[in-house]
Chemist: 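Quick one: this structure, given as structure tokens, is what I'll be asking you about.
What you see is a predicted model, and the numbers here were worked out from it, not measured in a lab. One-based numbering along the sequence shown.
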Amino acid sequence: MKYLFLFLKYYIYGLLTAFVMVVLIHIYGFFIDSFYAFYDYKISITTASITAIPLGINFWVIDYLSKPLKFKNPSIMYAMNGAFYYWVGMLFSIVTLILILFCFHIFKFFGYYNLLDNLIFQIAFIMGIPVSIVLKKLNFLDN
């Protein structure tokens, strides 16, 4: 029951964040660029409820890294730390890839842009492993 409440807590944090982003997109679409004006609110609610899961995981990872839990079994502690380092490494990778995509778009490298745009999440999942190892070796997330 404790874990259900923990999941619901972070899911609600993610849901609120997702709803704020959806509202901002709707405001942007109605007042600035009509391309982003979505009139089907069912899609927006579905998107926000699905997006709340990874956002909630991000909030949980941030909370865990700020005050790590102590486990009785050291194997579980190493597995949890490895998973959190992988998650942060994947986030670093995806931000880096988005910046590279932005540079490709600015400098009109459309061939590379299309290739990277189609594979951005797969590359981020793979690059999360070496980036997390580098972050761990540099003690980037240790207090």
Chemist: Can you get from Leu101 to Phe107 by hopping between Ile, Leu, Val, Met, Phe, Trp and Tyr side chains that sit under 4.5 Å apart?
Modeler: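 The answer is yes; both residues are in one hydrophobic cluster.
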Chemist: Trp60: what forms a side-chain hydrogen bond (donor to acceptor under 3.5 Å, both in side chains) with it, not counting sequence neighbours?
Modeler: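 So Trp60 forms no side-chain hydrogen bond (donor to acceptor under 3.5 Å, both in side chains) with any residue.
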Chemist: May I ask whether Phe59 and Leu4 are part of the same hydrophobic cluster, defined by side-chain heavy atoms of I, L, V, M, F, W, Y residues being less than 4.5 angstrom apart, directly or through others?
Modeler: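 Yes, same cluster.
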Chemist: Using the side chain to side chain contact (heavy atoms under 4.5 Å, CB included) criterion, which residues pair with Asn73? Sequence neighbours excluded.
Modeler: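 With neighbours one apart ignored, the set is Ser75, Ile76.
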Chemist: To the closest 0.5 Å, what do you measure between CD1 (Ile123) and OG1 (Thr96)?
Modeler: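 Going from the CD1 atom of Ile123 to the OG1 atom of Thr96 covers 12.0 Å.
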Chemist: According to a 4.5 Å side-chain heavy-atom criterion applied to Ile, Leu, Val, Met, Phe, Trp and Tyr, with indirect links allowed, do Leu97 and Phe102 form part of one hydrophobic cluster?
Modeler: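 Yes, Leu97 connects to Phe102 through the hydrophobic network.
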Chemist: To the nearest 0.5 angstrom, please state how far the CG atom of Leu55 sits from the OH atom of Tyr13.
Modeler: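 Result: 14.0 Å between the selected atoms.
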Chemist: Is there a path of hydrophobic side-chain contacts, each under 4.5 Å between heavy atoms, that joins Val22 and Tyr28?
Modeler: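 Result: no, two separate clusters.
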Chemist: Mind checking ring-ring contact (aromatic ring centres under 6.0 Å, His included) for Phe121 and listing every partner two or more places apart, or none if nothing turns up?
Modeler: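 If we apply the ring-ring contact (aromatic ring centres under 6.0 Å, His included) test to Phe121, skipping adjacent residues, there are no hits.
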Chemist: Hey, are the side chains of Lys137 and Val134 touching, using non-hydrogen atoms and a 4.5 Å cut-off?
Modeler: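 No, too far: nothing below the 4.5 Å cut-off.
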Chemist: Enumerate the side chain to side chain donor-acceptor pair (under 3.5 Å) contacts for residues 46-56, please, sequence neighbours excluded, ordered by first and then second residue.
Modeler: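 Passing the test, one end in residues 46-56: no pairs.
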Chemist: Can you tell me how far apart CE (Met127) and OG (Ser132) are? Round to the nearest 0.5 Å.
Modeler: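 Spacing of CE (Met127) from OG (Ser132) equals 10.0 Å.
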Chemist: Using side-chain hydrogen bond (donor to acceptor under 3.5 Å, both in side chains) as the criterion, list what pairs up with Tyr10, not counting sequence neighbours.
Modeler: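 Partners of Tyr10 by the side-chain hydrogen bond (donor to acceptor under 3.5 Å, both in side chains) criterion, ordered by chain and then number, come out as Asp63.
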Chemist: Please write out which residues are connected to Ile126 in a hydrophobic cluster, directly or through intermediates, given that two of Ile, Leu, Val, Met, Phe, Trp, Tyr count as joined at side-chain heavy-atom separations below 4.5 angstrom.
Modeler: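 Besides Ile126, the hydrophobic cluster comprises nothing; the residue is isolated.
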Chemist: Give me the atom names and distance for the closest heavy-atom approach of Ser93 to Gly128.
Modeler: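 Closest pair (atom of Ser93, atom of Gly128, distance): OG-N, 3.8 Å.
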Chemist: Hey, any chance Leu135 and Met77 share a hydrophobic cluster, counting ILVMFWY side chains that come within less than 4.5 Å of each other, even indirectly?
Modeler: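 They do share one cluster, since a chain of ILVMFWY contacts under 4.5 Å joins Leu135 to Met77.
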Chemist: Going by side chain to side chain contact (heavy atoms under 4.5 Å, CB included), name the residues that satisfy it together with Tyr64, two or more places apart in sequence or in a different chain.
Modeler: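 Scan of Tyr64 (side chain to side chain contact (heavy atoms under 4.5 Å, CB included), adjacent residues dropped) gives Pro68, Leu69, Phe71, Met80, Asn81, Phe84.
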Chemist: Who are the side chain to side chain contact (heavy atoms under 4.5 Å, CB included) partners of Phe19, not counting sequence neighbours?
Modeler: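 Side chain to side chain contact (heavy atoms under 4.5 Å, CB included) check on Phe19 returns Leu15, Ile45, Ala48.
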Chemist: If you link I, L, V, M, F, W and Y whenever their side-chain heavy atoms are under 4.5 Å apart, who else ends up in the same group as Leu16?
Modeler: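 The other cluster members (ILVMFWY side chains, heavy atoms under 4.5 Å, direct or chained) are Ile12.
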Chemist: Just jot down the side chain to side chain contact (heavy atoms under 4.5 Å, CB included) partners of Phe5, sequence neighbours excluded, or say none.
Modeler: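 Side chain to side chain contact (heavy atoms under 4.5 Å, CB included) list for Phe5, sorted by chain: Met1.
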Chemist: First locate atom CG of Leu91, then atom CD1 of Ile62, and finally report the distance between them rounded to the nearest 0.5 Å.
Modeler: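 Between atom CG of Leu91 and atom CD1 of Ile62 there are 8.5 Å.
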Chemist: Show the nearest heavy-atom pair for residues Ala18 and Ala52, with the distance to one decimal.
Modeler: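 Residues Ala18 and Ala52, closest heavy atoms: CB-N, 4.5 Å.
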Chemist: Knowing that exactly one of Ile94, Val95, Val88 qualifies, which makes a side-chain contact (heavy atoms from CB on, under 4.5 Å) with Phe92?
Modeler: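 With Phe92 as partner, side-chain contact (heavy atoms from CB on, under 4.5 Å) holds for just one option, Val88.
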Chemist: Which hydrophobic side chains are connected to Ile43, either touching it within the sub-4.5 Å cutoff or through other members that do?
Modeler: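 Its cluster mates, by chain and number: none.
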Chemist: Please, which pairs that meet salt bridge (charged side-chain N to carboxylate O under 4.0 Å, His left out) have at least one residue in residues 124-133, sequence neighbours excluded?
Modeler: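 As it turns out, there is no salt bridge (charged side-chain N to carboxylate O under 4.0 Å, His left out) pair with a partner in residues 124-133 once direct neighbours are skipped.
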Chemist: Could you walk me through whether Val131 and Tyr86 pass the side-chain contact (heavy atoms from CB on, under 4.5 Å) check?
Modeler: CA-CA 8 Å; Val131 171; Tyr86 174 71; over 6 Å; no
